[in-house]
Peer 1: 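Encoded as structure tokens, here's the structure I'll be asking about.
Each residue takes its place number in the sequence, starting with 1. Just so it is clear, the model here is predicted, and its values are computed rather than measured. Whatever order the structure lists them in is the order used to number ligands and atoms, beginning at 1.
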Amino acid sequence: MTRHTLLVHAHPRSDSLTSQVAGLAHARLKDAGGTVDVLDLYAEDFDPVLRPADEPDWEDREKRYSPEVHAHMDRILAADDILAVFPVWWMAPPAVLKGWIDRVWNYGFAYGRSRPRLAAKRMLWLALMGNPAEEIERLGLSTVLDTQLRVGVSEYCGITDASVRIVYGTELSGTPVPLRPERVRTLLAEAGAALDGGLPR
Ligand SMILES: Cc1cc2nc3c(=O)[nH]c(=O)nc-3n(C[C@H](O)[C@H](O)[C@H](O)COP(=O)(O)O)c2cc1C
């Protein structure tokens, strides 16, 4: 079966490591015969601020939200797989991605129904972190993203085939900026392995 993936990308610079990982993911998905809808939240100038039009109405799960939000819901519905590629900022997704979830993964659409509409989809949260894994472990933060995103968002919305994979150490202390090409190659190889593990072809 040809799979259709919504590739959600959240980085302000097109030459960033995150953008390179998103590019790699795009190429691999197409090489595998799939189709891809690239949602570059910065390039599309997505407004992450939730305003009254997109506030849930707990009395009405059929509420019509803003046209922009319904257009994004349609893109989610069209996808078999959802892949989010993003840098970790303050142990969380960037505000633009958080706001996309706040506004689009809304009541009556993503949750609030006895039969969740998104349940059959697969989802991978592919995160890039500056710190090495050992430092995150030492700080007691190793499960934060998994709990927030896999459990708190995907599973809450009925998506059980979901995972969070992390490429660590994108800014190891002493690492030159820009990163040396061999370091970029290593990190991209780790991202490729995370993609294979999270969304097997
Ligand atoms: C505002 C901000 C907050 C950050 N917070 C964290 C953090 O909480 N944990 C971490 O490991 N790295 C953190 N970083 C480092 C980013 O994860 C790192 O810059 C990113 O993975 C590198 O990818 P890029 O070159 O595509 O931006 C932060 C970076 C920024 C700019």
Side-chain angles (χ1 to χ4, degrees), residues 5-31 36-50 72 81-105 123-156 162-199:
T5 303
L6 178 63
L7 169 52
V8 187
H9 168 216
H11 198 287
R13 266 183 304 108
S14 59
D15 64 350
S16 65
L17 187 61
T18 304
S19 299
Q20 291 183 63
V21 170
L24 173 80
H26 190 182
R28 289 168 78 107
L29 292 165
K30 297 206 46 160
D31 285 351
V36 186
D37 175 7
V38 179
L39 168 51
D40 181 334
L41 290 166
Y42 276 95
E44 295 196 17
D45 206 17
F46 182 79
D47 176 4
V49 179
L50 190 152
H72 279 271
D81 297 333
I82 304 163
L83 166 61
V85 180
F86 58 98
V88 173
W89 290 351
W90 293 107
M91 291 312 297
V96 74
L97 177 54
K98 172 63 165 53
W100 181 71
I101 298 162
D102 292 345
R103 291 184 62 203
V104 182
W105 291 61
M123 184 155 198
L124 172 61
W125 304 89
L126 181 52
L128 285 82
M129 287 180 79
N131 281 296
E134 309 78 61
E135 178 64 3
I136 297 299
E137 183 76 27
R138 191 187 68 75
L139 294 168
L141 297 171
S142 51
T143 58
V144 166
L145 282 184
D146 189 68
T147 307
Q148 256 182 41
L149 301 174
R150 183 181 60 78
V151 181
V153 180
S154 302
E155 285 193 357
Y156 189 76
S163 57
V164 172
R165 307 267 165 161
I166 300 170
V167 175
Y168 290 100
T170 61
E171 293 183 358
L172 295 176
S173 67
T175 305
V177 176
L179 298 173
R180 291 207 179 90
E182 61 270 26
R183 180 76 187 135
V184 172
R185 274 197 295 276
T186 301
L187 291 167
L188 289 176
E190 289 176 16
L195 283 164
D196 287 342
L199 288 180

Peer 1: Just verifying a value: how many Å separate Leu83 CG and Thr5 OG1, rounded to the nearest 0.5 Å?
Peer 2: 7.0 Å
Peer 1: Hey, which atoms in ligand 1 end up nearer than 4.0 Å to a heavy atom of Met91?
Peer 2: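 The atoms of ligand 1 under 4.0 Å from a heavy atom of Met91 are 7 (C), 8 (O), 9 (N).
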Peer 1: My understanding is that only residues two or more places apart in sequence, or in another chain, count here; which of them pass ring pair (Phe, Tyr, Trp, His ring centres under 6.0 Å) with Tyr156?
Peer 2: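 For Tyr156, the residues satisfying ring pair (Phe, Tyr, Trp, His ring centres under 6.0 Å) (neighbours in sequence not counted) are Tyr111.
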Peer 1: Side chain or backbone of Glu135 under 4.0 Å from ligand 1, or both, or neither, by non-hydrogen atoms?
Peer 2: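 Answer for Glu135: neither.
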Peer 1: Once side chain to side chain contact (heavy atoms under 4.5 Å, CB included) is applied, do any residues pair with Leu139, and if so which ones, sequence neighbours excluded?
Peer 2: Glu135, Leu141
Peer 1: What atoms in ligand 1 come closer than 4.0 Å to a heavy atom of Glu171?
Peer 2: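 With Glu171 as reference, the close atoms of ligand 1 come out as 15 (C), 18 (C), 19 (O), 22 (C).
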Peer 1: With under 30° as parallel and over 60° as perpendicular, where do the rings of Trp100 and Trp105 fit, or are they tilted in between?
Peer 2: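 Perpendicular: the ring planes of Trp100 and Trp105 meet at over 60°.
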Peer 1: Above 12 or not: heavy atoms from other molecules or residues under 6.0 Å from CD of Glu137?
Peer 2: no
Peer 1: Return yes or no for this condition: an N or O of Pro87 is under 3.5 Å from an N or O of ligand 1.
Peer 2: no
Peer 1: If you measure only the distance, is there a donor-acceptor pair under 3.5 Å linking the side chains of His9 and Ser19?
Peer 2: yes
Peer 1: Please state which option from Asp15, Val88, Leu128, Thr18 has its nearest heavy atom closest to atom 6 (C) of ligand 1.
Peer 2: Val88
Peer 1: Which residue and atom name correspond to the protein heavy atom nearest atom 12 (N) of ligand 1, and how close is it?
Peer 2: Gly130 N, 3.2 Å
Peer 1: Tell me the protein heavy atom at minimum distance from atom 31 (C) of ligand 1, and give that distance in Å.
Peer 2: Trp89 NE1, 3.7 Å
Peer 1: What is the minimum heavy-atom distance between Leu187 and Thr170, and which atoms define it?
Peer 2: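 Closest heavy-atom pair between Leu187 and Thr170: CD1-CA, 4.1 Å.
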Peer 1: To the closest 0.5 Å, what do you measure between CG (Leu124) and CG (Asp81)?
Peer 2: 9.0 Å
Peer 1: Return the option from Asn131, Leu17, Leu145, Thr170 holding the heavy atom at the smallest distance from atom 20 (C) of ligand 1.
Peer 2: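 Looking at heavy atoms only, the winner is Thr170.
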Peer 1: Under 4.0 Å from any heavy atom of Met129, which atoms of ligand 1 are there?
Peer 2: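 Checking each atom against Met129, I get 11 (O), 17 (O), 21 (O).
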Peer 1: Would you say ligand 1 has an N or O under 3.5 Å from any N or O of Arg13?
Peer 2: no
Peer 1: Distance to 0.1 Å, residue and atom name: give those for the protein heavy atom nearest to atom 5 (N) of ligand 1.
Peer 2: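 For this ligand atom, the closest protein heavy atom is Trp90 N, 2.8 Å.
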Peer 1: Looking at ligand 1, does any of its N/O atoms fall within less than 3.5 Å of an N/O of His11?
Peer 2: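 Between His11 and ligand 1, an N or O pair is found under 3.5 Å apart.
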Peer 1: Please check this pair: side chain of Arg103 against backbone of Asp47, looking for a donor-acceptor N/O pair closer than 3.5 Å.
Peer 2: yes
Peer 1: Could you tell me which atoms of ligand 1, counted from 1 in the order shown, lie closer than 4.0 angstrom to a heavy atom of Ser16?
Peer 2: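 Ligand 1 atoms under the 4.0 Å threshold to Ser16: 26 (O).
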